[in-house]
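Chain letters run A, B, ... following the sequence lines, proteins first and then strands; every chain starts at 1.
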Amino acid sequence: MHTMNLSPDQQFSLDQTLGCGQVFRWDKTDAGWWYGVVGRHVIKIRQDSRKLTFEGASVPFITQYFSLDLDLQLILETIDRDPFIDSAIRRCQGLRLIRQPKWECLISYICSTNSNIPMIRRRIGTIAEQFGREIIFEGKKYYSFPEPSAITCSGGKALAECRLGYRTPYVFNTACAIGNIKQWEETITSMAFEAARRELMKLSGVGPKAADCVLLFAFQKHEAFPVDVWIRRIMQQHYIRNLSITSGLTGREYDCIRRFAREHFGEYCGYAQEYLYAARL
DNA sequence: ATCCAGGAAAACG
DNA sequence: CGTTTTCATGGA
């Protein structure tokens, strides 16, 4: 068991961070412990005011994973450009963007399309159960998220049982296309934002929204501003008055919204997106 | 039954 | 080229 004390000027809320919908494999018990599978390990963690208590990971790993090395206060000052975002920031104090495992994040957001968070969580869990490695922790079974080869080797038969609907071929095709995770990660990491975005969108099942989420939540490209139905509503009501009223979000509308956000909130507009999303209710 | 959910691909003018 | 339709699933 490790402990870690957060400095007074180091804002962090474990509940906001794990509960805001950016990540899908964490659960909180009634006793106040969060359990999550990250990589090959189960992590158990809790927060008591300024103290973090955890096992299954080292202090440097936790620091990296929860972006505790970043000066959140400074980032929030740069995006705090109007009363509406200011209120969202105050309501979601301590929310940080997680550095998610990249491949898992990619599949997660391929599975997220036209769906809701409980359903996405179930899909990721099912894929892990089908193809992942079993991990026993405190007598309970958990499953790591599988490598691409584990999914492609089955020839797609087992994937069809994961209830992904029309997303099944997207996941399979993308697993085939990625092949080597390390190489893929390095390629995307080395690219500038727009180029990386175009590269991700070549993958099956990856459109503008999924690409932006992966760039923001896994590659730390904070210029990304994912636009889902909620963000679109918020931007429409509070920021951009005259958007055309079509049922689906067209490519031009998406670009209009994300470019406005990049201008208005600045280079950390991705943080603004997550605060707006988390404060939506 | 109808609508909705952190959309994307295919089909269509 | 931009715009509409289709897609599978489960919960409300």
Rounded to whole Å, the CZ-P distance (A/R232 to B/dG7) equals 12 Å
Under 4.0 Å between any heavy atoms, over every strand shown, what does A/P118 touch: base, sugar-phosphate, or nothing? Just pick one.
nothing
Phosphate contact (B/dA5 OP1 or OP2) by A/R233 side-chain N/O below 4.0 Å:
yes
In whole Å, what is the span from the NZ atom of A/K209 to the P atom of B/dG7?
5 Å
Would you please classify the geometry between the A/F260 ring and the A/H264 ring as parallel, tilted or perpendicular, with 30° and 60° separating the classes?
parallel
Assess the residue pair A/F66 and A/F61 against the criterion (ring-ring contact (aromatic ring centres under 6.0 Å, His included)); give the C-alpha distance rounded to whole Å, side-chain angles, the decisive distance to 0.1 Å, and a yes or no.
CA-CA 8 Å; A/F66 290 108; A/F61 184 90; 8.7 Å; no
Starting at atom CG of A/L249, determine the distance to atom P of C/dT6, rounded to an integer number of angstrom.
19 Å
Counting side-chain heavy atoms from C-beta on, which of C/dT9, B/dA9, B/dG7 comes nearest to A/Y170?
B/dA9
In whole Å, what is the span from the CH2 atom of A/W230 to the P atom of B/dC4?
11 Å
How would you label the contact of A/L216 with the nucleic acid (heavy atoms, under 4.0 Å): base, sugar-phosphate, or nothing?
nothing
Approximate separation, where rounding is to 0.5 Å, of A/D228 CG and A/T113 OG1:
12.5 Å
For a quick test of reading the model, state the closest non-hydrogen atom pair linking A/Y109 to A/A210 and the distance between them.
O-CB, 4.0 Å
Separation of the P atoms in C/dA8 and B/dA11, to the nearest angstrom
14 Å
Sugar-phosphate, base or nothing in reach of A/G21, heavy atoms under 4.0 Å
base
In whole angstrom, what separates A/F172's CZ from B/dA8's C1'?
19 Å
Side-chain contact check for A/N114: nearest option of B/dA5, C/dT3, B/dA8 is B/dA5
Base, sugar-phosphate, or nothing for A/R122, non-hydrogen atoms under 4.0 angstrom?
sugar-phosphate
Within the structure shown, what part of the strands sits under 4.0 Å from A/V229 by heavy-atom distance: base, sugar-phosphate, or nothing?
sugar-phosphate
Give a yes/no on whether any side-chain N or O of A/R167 is located under 4.0 angstrom from OP1 or OP2 of B/dA8.
no
A/L203 atom CG is separated from B/dG7 atom C1', nearest whole Å, by 15 Å
Rounded to whole angstrom, note down the P distance from C/dT6 over to B/dT2.
16 Å
Return the 5'-most residue of the pair A/S204, A/Q22 with respect to DNA chain B, ranking by each residue's nearest nucleotide.
A/Q22
All heavy atoms of A/S144 vs all of A/R25, minimum pair found to be C-NH1, 4.0 Å
Check the distance between C/dC7's C1' and A/N173's CG and give it to me in whole angstrom.
15 Å
Closest to the side chain of A/R123, out of C/dT3, B/dG7, C/dT9, is C/dT9
Roughly how many Å apart are B/dA5 and C/dT3, using the P atom of each and rounding to a whole number?
22 Å
Could you state the atom-to-atom distance from CG of A/D228 to P of B/dA8 in whole Å?
10 Å
Both A/N116 and A/P208 contact DNA chain B. Taking the nearest nucleotide for each, which residue is further toward the 5' end?
A/N116
Begin with the C-alpha distance, continue with both residues' side-chain angles, and end with the deciding distance and a verdict on salt bridge (Lys or Arg N to Asp or Glu O under 4.0 Å) for A/R197 and A/D212.
CA-CA 7 Å; A/R197 190 171 188 268; A/D212 284 334; 2.7 Å; yes
Could you tell me whether the side chain of A/Y166 has a donor or acceptor atom within less than 3.5 Å of a complementary atom in the base of B/dG7?
yes
Tell me what A/S115 touches on the nucleic acid: a base, only sugar-phosphate, or nothing, going by heavy atoms under 4.0 Å.
base
